[in-house]
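Okay, structure first, notes after.
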Number of protein chains: 2
Amino acid sequence: MRLSTKGRYAVTAMLDLTLQGGEGPVTLAEISETQGISLSYLEQLFACLRGKQLVRGVRGPGGGYYLGRPAEEISIADIICAVDEWVEFTRCGGKRDCKDGKRCLTHNLWDELSSEIFNFLSSINLAELVERGGLKEEGCIREKENSELLVSESGKTRAA
Amino acid sequence: MRLSTKGRYAVTAMLDLTLQGGEGPVTLAEISETQGISLSYLEQLFACLRGKQLVRGVRGPGGGYYLGRPAEEISIADIICAVDEWVEFTRCGGKRDCKDGKRCLTHNLWDELSSEIFNFLSSINLAELVERGGLKEEGCIREKENSELLVSESGKTRAA
DNA sequence: ACAAATACCGACTGTAATACTTGGTTATAA
DNA sequence: TTATAACCAAGTATTACAGTCGGTATTTGT
């Protein structure tokens, strides 16, 4: 198991997607701006997430991303595993019969701990996490800007 | 919270120390050999652990390391925090009153998750982990080589 | 007094991952 | 047919990881 800032970025982005979702797709540009994560980096992360069916992309204007399945069915472990690939680090190859019993001992212990962490993260899903925050109805959800493509004066895109 | 191979090394080493401890100090050279971690790297990790009072070093021949306090009082979180320093990554500085309510939302959610992971790891101590492995009495504990300094033919040190 | 063992310490290094950039190509809605 | 957005591949700067090297400080046994 591995839990780095990369996984954190992914979880944060998925959390944002969960909050903003429901009324049409969410663009990476929005997430990028809100969460302060570079757009291209988000694209890379979402390529991983899409590979694991955790998100579904819609191309073209008005496009963006949806969650790949209901928020209740996406665990934190799912997200982290998708981007922060699992590092199997035992030197004895994970098999029980390595000569040196002492070496395997701590390996087994670590593996047990690792499993516990994994199970824990598997037990938390996006919906729960959002629910627990209890901030869903306080205007924290971004206003959908009028989806008409007349964002000529918003300044975020090149002048049209 | 961060959970990388560095933290894993530290936990593994502390686990080893817990198992071998009780009858005198354990040298880093032993841990290095048993766990396959470079000696100098262990020294760096133990410098961190010592700074947080998790271990106590004894110099000179026959020296080594003891746990800084009973194994029951050392949690996995203690160990990981000592070596894998806590990355505070919120862009709003952790304060609740940042202008943009939306940004803080996911940050708070993440912080909550982070706290949960921390609490979880805090709830597991070294003694429990060793107990759970159930391997304490299976010859997994290293034999203490005769502490006499006559290791002339062991070949591990430069010929004396 | 001396030599060896061990912790302790700081600086350096190769490798890999992270986080980001650049410059595209598709697909789709207006 | 044009702008929007996902999609894609390659490159880059920074950092963390893991380890090396060469030393100093203490303590023990002879």
Side-chain angles (χ1 to χ4, degrees), chain A residues 2-10 12-13 17 24-32 35-51 55-66 83-85 87 89 91 145-152 154 156-160, chain B residues 2-10 12-13 17 24-32 35-51 55-66 83-85 87 89 91 145-152 154 156-160:
Chain A
R2 176 173 200 163
L3 184 52
S4 67
T5 52
K6 189 178 184 183
R8 175 179 185 144
Y9 273 143
T12 301
L17 183 52
V26 181
T27 68
L28 292 187
E30 289 177 65
I31 298 176
S32 170
Q35 300 301 332
I37 306 169
S38 120
L39 177 60
S40 292
Y41 195 43
L42 273 177
E43 283 177 348
Q44 287 173 42
L45 296 178
F46 273 69
C48 298
L49 295 170
R50 189 161 36 80
V55 296
R56 184 167 49 85
V58 177
R59 290 179 159 194
Y65 279 98
Y66 291 99
V83 299
D84 247 347
E85 56 263 35
V87 268
F89 203 64
R91 287 164 199 275
E145 310 198 7
N146 44 355
S147 296
E148 279 72 50
L149 306 177
L150 325 163
V151 275
S152 49
S154 77
K156 293 171 191 173
T157 57
R158 272 169 238 145
Chain B
R2 177 171 200 166
L3 185 52
S4 66
T5 52
K6 188 177 182 182
R8 175 179 184 143
Y9 273 144
T12 301
L17 183 51
V26 181
T27 68
L28 292 187
E30 288 177 66
I31 298 175
S32 171
Q35 300 302 332
I37 307 169
S38 117
L39 178 59
S40 292
Y41 195 43
L42 273 179
E43 285 178 347
Q44 287 172 42
L45 296 178
F46 273 69
C48 299
L49 296 170
R50 192 161 34 81
V55 296
R56 184 167 49 85
V58 177
R59 291 180 159 193
Y65 280 96
Y66 291 99
V83 299
D84 247 345
E85 58 263 36
V87 267
F89 205 64
R91 287 165 200 275
E145 309 197 10
N146 44 354
S147 297
E148 278 73 49
L149 307 177
L150 327 162
V151 276
S152 49
S154 76
K156 293 171 190 171
T157 56
R158 274 170 237 145

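A, B, ... follow the sequence lines: proteins, then strands. Residue 1 opens every chain. If you're wondering where the values come from, they're calculated on a predicted model, not measured in any experiment.
In terms of phosphate contacts, B:Ser4 brings a side-chain nitrogen or oxygen within less than 4.0 Å of OP1 or OP2 of D:dC17. Contact check, A:Tyr65 against D:dC7: a side-chain N or O comes under 4.0 Å of OP1 or OP2. When the side-chain nitrogen and oxygen atoms of B:Ser40 are compared with OP1 and OP2 of D:dC21, none of them lie within a distance under 4.0 Å. At D:dC21, none of the side-chain N or O atoms of B:Tyr41 fall inside 4.0 Å of OP1 or OP2 (strictly under the cut-off). For A:Arg59, no side-chain nitrogen or oxygen approaches OP1 or OP2 of D:dC8 to under 4.0 Å. Residue B:Tyr9 places at least one side-chain N or O closer than 4.0 Å to OP1 or OP2 of D:dG19.
Distance A:Lys6 NZ to C:dC20 P: 12 Å, rounded to the nearest Å. In this structure, A:Gln35 places its CD atom 15 Å from P of C:dA19, rounding to the nearest Å. Here the P atom of nucleotide C:dA16 and the CG atom of A:Asp84 are 18 Å apart, to the nearest Å. Rounded to an integer number of Å, the gap from CG of A:Leu45 to C1' of C:dC20 is 11 Å. Following rounding to the nearest Å, A:Arg50 (CZ) and C:dA27 (P) show an atom-to-atom distance of 13 Å. Counting to the nearest Å, the C1' atom of C:dA19 and the CZ atom of A:Arg8 are 15 Å from each other. Atom CG of A:Leu28 and atom C1' of C:dA27 are 15 Å apart (whole Å). What separates CG of A:Leu42 from C1' of C:dT21 is a distance of 14 Å, to the nearest Å.
Under a 3.5 Å cut-off, the side chain of A:Ser32 and the backbone N or O of A:Ser38 do not form any donor-acceptor pair.
Contact annotation: side chain of A:Gln44 to base of D:dC8, donor-acceptor pair absent below 3.5 Å.
Of the inter-residue distances, the one linking B:Gln44 atom CD with B:Leu39 atom CG reads 10.5 Å to the nearest 0.5 angstrom. Interatomic distance, B:Leu17 CG to B:Thr27 OG1, rounded to the nearest 0.5 Å: 10.5 Å. Between the CG atom of B:Leu45 and the CG atom of B:Asp84 there is a distance of 9.5 Å, given to the nearest 0.5 Å.
Across all strands shown, A:Leu39 has no heavy atoms under 4.0 Å from either base or sugar-phosphate atoms. Using a 4.0 Å heavy-atom cutoff across all strands shown, A:Phe46 reaches no nucleic acid atom at all.
The heavy-atom pair separating A:Gly62 from A:Pro25 by the smallest distance is O-CG, 3.2 Å.
B:Tyr65 places none of its side-chain heavy atoms less than 4.5 Å from the side chain of B:Glu30.
Nearest-nucleotide assignment on DNA chain D puts the 5′-proximal partner with B:Val83, out of B:Glu43 and B:Val83. For A:Val58 and A:Gly7, each mapped to the nucleotide of DNA chain C holding its nearest heavy atom, the one lying further toward the 5' end belongs to A:Gly7.
Looking at the side chain of B:Pro61, the nearest of the listed nucleotides D:dT28, D:dA6, C:dT18 is D:dT28. Nearest to the side-chain atoms of A:Thr27 among the listed nucleotides C:dA5, D:dC17, D:dA5 stands D:dA5.
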